[in-house]
Amino acid sequence: MMGVGTYGYTAPATSKSGGGAAGYDVPEGVEIRGRFDEEFAKILTKEALEFVVELQREFRNRIKYALECRKEAKRRYNEGAVPGFDPATKFIRETNWVCAPVPPAVADRRVEITGPVERKMIINALNSGAKVFMADFEDALSPTWENLMRGQVNLKDAVDGSITFHDKARNRVYKLNDKNTAKLFVRPRGWHLPEAHILIDGEPATGCLVDFGLYFFHNYAAFRQTQGAGFGPFFYLPKMENSREAKIWNCVFERAEKKAGIERGSIRATVLIETLPAVFQMDEILHELRDHSVGLNCGRWDYIFSYVKTFQGHPDRLLPDRFLVGMTQNFMRNYSDLLIRTCHRRGVHAMGGMAAQIPIRDDPAANEAALDLVRKDKLREVKAGHDGTWAAHPGLIPACMEVFTNNMGSNTPNQIQSMRREDASSITEEDLLERPRGVRTLEGLRLNTRVGIQYLAAWLTGTGSVPLYNLMEDAATAEISRVQNWQWIKYGVELDGDGLGVRVGNELFGRVVEEEMQRIEREVGKEKFKKGMYKEACKLFTRQCTAQTLDDFLTLDAYNHIVMHHPRGSSRL
């Protein structure tokens with residue numbers, strides 16, 4: 001039995017076990033509790049694991065300290081404080097400096113597609129016509145041992161160009177196009193997530209160091225030849241709250257470059273600004289990563305989740321229905337505008353947010369209406385000064401590309417020099433914290449519950465990117481559903497948008513859960529409902545929504561349910 005980890009994750013008291021005749025050859029102090037597989041063994045080589053161990057031992061105490069600082073900030077916010085600009089780093093915000101020049105290979109990022117590190121997804125995304133594919137170990141992936149290790153295998157094959165996929169159901173073989181494939185960025189997990197299948201010195205490894213370390217070790221040389229034109233690999237960095245965490249990543253990159261014997265500044269990363277505290281640290285985050293940065297991204301769904309989480313102790317900051325919290329809300333627009341101004345002042349990309357719509361193949365009118373919403377959103381982004389945007393489905397790439405190219409021109413790779421957005425220099429702390437406007441409805445509560453349960457049911461069975469109601473949902477949208485329900489229940493909010501005047505409480509929520517479970521069963525069918533993990537997901541989601549104290553992350557609690565330990569004999573010490 002493992003004890004309580006340092007990440008807010010509690011290891012299961014009893015481990016599920018399975019077969020595993022052979023074993024991994026591991027360095028001293030390492031124990032692999034995941035299933036043995038010969039393909040995985042090509043990733044989990046002793047040399048690659050030694051690199052991960054070096055990273056873990058060098059940085060684990062700094063990571064633990066950063067996570068403790070998050071807890072301290074949370075305590076202050078719960079006692080009434082609000083985030084703001086740090087007076088101690090005013091000189092960084094006000095002085096003139098720029099990040100290292102953007103590598104030519106990724107100067108043009110006008111449309112990026114994102115998705116999990118699944119084999120077919122990787123091929124389709126790289127062939128999609130997008131400029132960049134962000135392969136995701138984080139919100140779009142359920143971090144089962146199988147998913148994580150297969151993802152590493154898939155990325156290695158993608159970087160060396162050998163990746164193929166045989167879809168037996170369609171009798172079709174997928175492979176990469178000969179040219180014009182997207183540039184590959186990889187998003188590791190956040191600092192807070194452990195990797196419970198790999199123990200280093202008796203405690204779970206840090207998930208992001210496993211993701212980064214294995215991918216970098218196996219792919220840096222080939223990537224720099226085939227994709228980066230002498231630079232790379234390229235990354236997206238999630239869930240950071242301040243520049244202290246960015247500094248750790250910068251040190252990880254420098255350590256990796258030194259290990260590989262490549263030039264400092266070879267590795268490049270875009271940071272997702274997807275937590276409320278981080279919006280006040282954008283200059284500082286870029287400054288810490290100035291030799292390794294290629295910009296910031298508006299991670300808007302997680303940003304909304306973070307707004308609720310940050311203000312969980314503030315009953316005067318209740319969110320309206322989640323579909324009313326878009327980029328037209330003042331606090332969201334100000335966040336986007338300040339990000340653009342900050343990035344362009346420092347010479348790097350300001351990336352826009354996600355278009356989560358997916359094609360509606362059986363309803364042309366509804367499909368066209370959805371595409372029209374996408375076009376309007378992307379037009380707003382490009383006119384505001386964003387250098388590129390995100391899409392969740394290959395079917396959206398042409399529409400997004402058309403909007404950005406029509407407004408930027410086909411020969412202009414970005415708007416870093418042309419859209420300085422000096423008008424955004426006057427944005428204040430109050431502007432970034434402005435209370436969202438809108439109503440709360442029973443249907444909003446129902447939708448949160450229905451989406452949250454169905455997403456979690458899929459996640460527990462190994463799927464982290466889930467199409468629901470014509471949108472591609474990932475962990476971020478499930479988190480919004482969870483924390484908004486929690487907020488409404490805790491403060492007994494009045495549903496003021498549908499004339500009912502009803503207040504949300506445990507009793508009403510219990511009825512909603514019961515009715516929405518019946519609806520889910522009707523929609524997915526009795527057989528799928530019975531075979532799926534809907535009841536387990538319902539229990540977990542309900543507990544999270546009604547807890548006295550809000551959990552920091554839904555996935556930390558749910559992680560216990562997908563950890564599958566194999567016998568200790570499955571690795572050689």
Side-chain angles (χ1 to χ4, degrees), residues 102-115 124-134 177 179-183 185 236 270 273 294-301 326-329 332-345 347-361 364-424 470-472:
V102 174
V106 286
D108 189 341
R109 300 170 62 186
R110 66 189 68 200
V111 180
E112 301 188 342
I113 188 169
T114 74
N124 285 342
L126 290 173
N127 288 341
S128 67
K131 297 294 185 180
V132 165
F133 168 47
M134 187 203 77
N177 294 339
K179 56 183 180 178
N180 297 327
T181 56
K183 300 300 182 194
F185 279 59
Y236 260 98
T270 299
I273 300 300
V294 279
L296 305 175
N297 172 286
C298 282
R300 57 196 189 190
W301 305 121
M327 298 308 293
T328 56
Q329 292 273 3
M332 296 292 285
R333 187 181 67 250
N334 290 327
Y335 142 66
S336 169
D337 288 349
L338 184 59
L339 183 145
I340 295 165
R341 191 251 178 183
T342 303
C343 288
H344 289 179
R345 186 180 177 208
V348 290
H349 292 98
M351 301 304 296
M354 171 70 80
Q357 290 84 354
I358 53 179
I360 309 169
R361 304 192 189 283
N367 189 59
E368 186 53 40
L371 278 175
D372 190 51
L373 287 175
V374 172
R375 292 187 191 102
K376 288 177 179 175
D377 181 48
K378 300 312 162 191
L379 184 62
R380 175 196 57 76
E381 287 184 329
V382 71
K383 285 186 173 295
H386 280 293
D387 302 293
T389 191
W390 273 16
H393 193 281
L396 300 182
I397 302 299
C400 296
M401 192 71 74
E402 181 182 17
V403 171
F404 267 78
T405 299
N406 285 348
N407 285 273
M408 279 173 45
S410 57
N411 297 319
T412 305
N414 55 61
Q415 303 191 87
I416 294 172
Q417 298 300 324
S418 60
M419 290 287 282
R420 307 296 285 182
R421 288 306 306 267
E422 291 302 328
D423 57 305
N470 303 318
L471 295 174
M472 191 62 75

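- For the side-chain contact (heavy atoms from CB on, under 4.5 Å) test with Ser336, the passing option among His386, Arg341, Arg421 is His386; the others fail.
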Practice prompt. Could you please spell out the steps behind the side chain to side chain contact (heavy atoms under 4.5 Å, CB included) verdict for Leu471 and Gln357?
Written response: CA-CA 5 Å; Leu471 295 174; Gln357 290 84 354; 3.9 Å; yes

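- In this view, Phe133 satisfies the ring pair (Phe, Tyr, Trp, His ring centres under 6.0 Å) rule with no residue, not counting sequence neighbours.
- With rounding to the nearest 0.5 angstrom, the CE atom of Met351 is 13.5 Å from the CD1 atom of Ile273.
- Using the six-membered ring where Trp is involved, Tyr236 and Trp390 have ring planes that are perpendicular, over 60° apart on the 30 and 60° scheme.
- In terms of the salt bridge (Lys or Arg N to Asp or Glu O under 4.0 Å) criterion, residue partners of Glu381 (sequence neighbours excluded) are, by chain and number, Arg300, Lys378.
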Item to complete: Kindly indicate, with the supporting measurements, whether the criterion side chain to side chain contact (heavy atoms under 4.5 Å, CB included) is fulfilled by Val382 and Arg110.
Response: CA-CA 9 Å; Val382 71; Arg110 66 189 68 200; over 6 Å; no

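- Applying the salt bridge (Lys or Arg N to Asp or Glu O under 4.0 Å) test to residues at least two apart or on different chains, none of the pairs has a partner in residues 383-406.
- Once rounded to the nearest 0.5 Å, the distance linking OG1 of Thr389 with CZ of Arg109 reads 11.5 Å.
- To the nearest 0.5 Å, atom CG of residue Asn407 and atom OG1 of residue Thr412 are 11.5 Å apart.
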Discussion item. Quick one, Glu368 with Leu371, criterion side chain to side chain contact (heavy atoms under 4.5 Å, CB included). Give me CA distance, side-chain angles, the key distance, then yes/no.
Written reply: CA-CA 5 Å; Glu368 186 53 40; Leu371 278 175; 4.2 Å; yes

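- Of the listed residues (Val132, Asn297, Val106), just one forms a side-chain contact (heavy atoms from CB on, under 4.5 Å) with Thr270, and that residue is Asn297.
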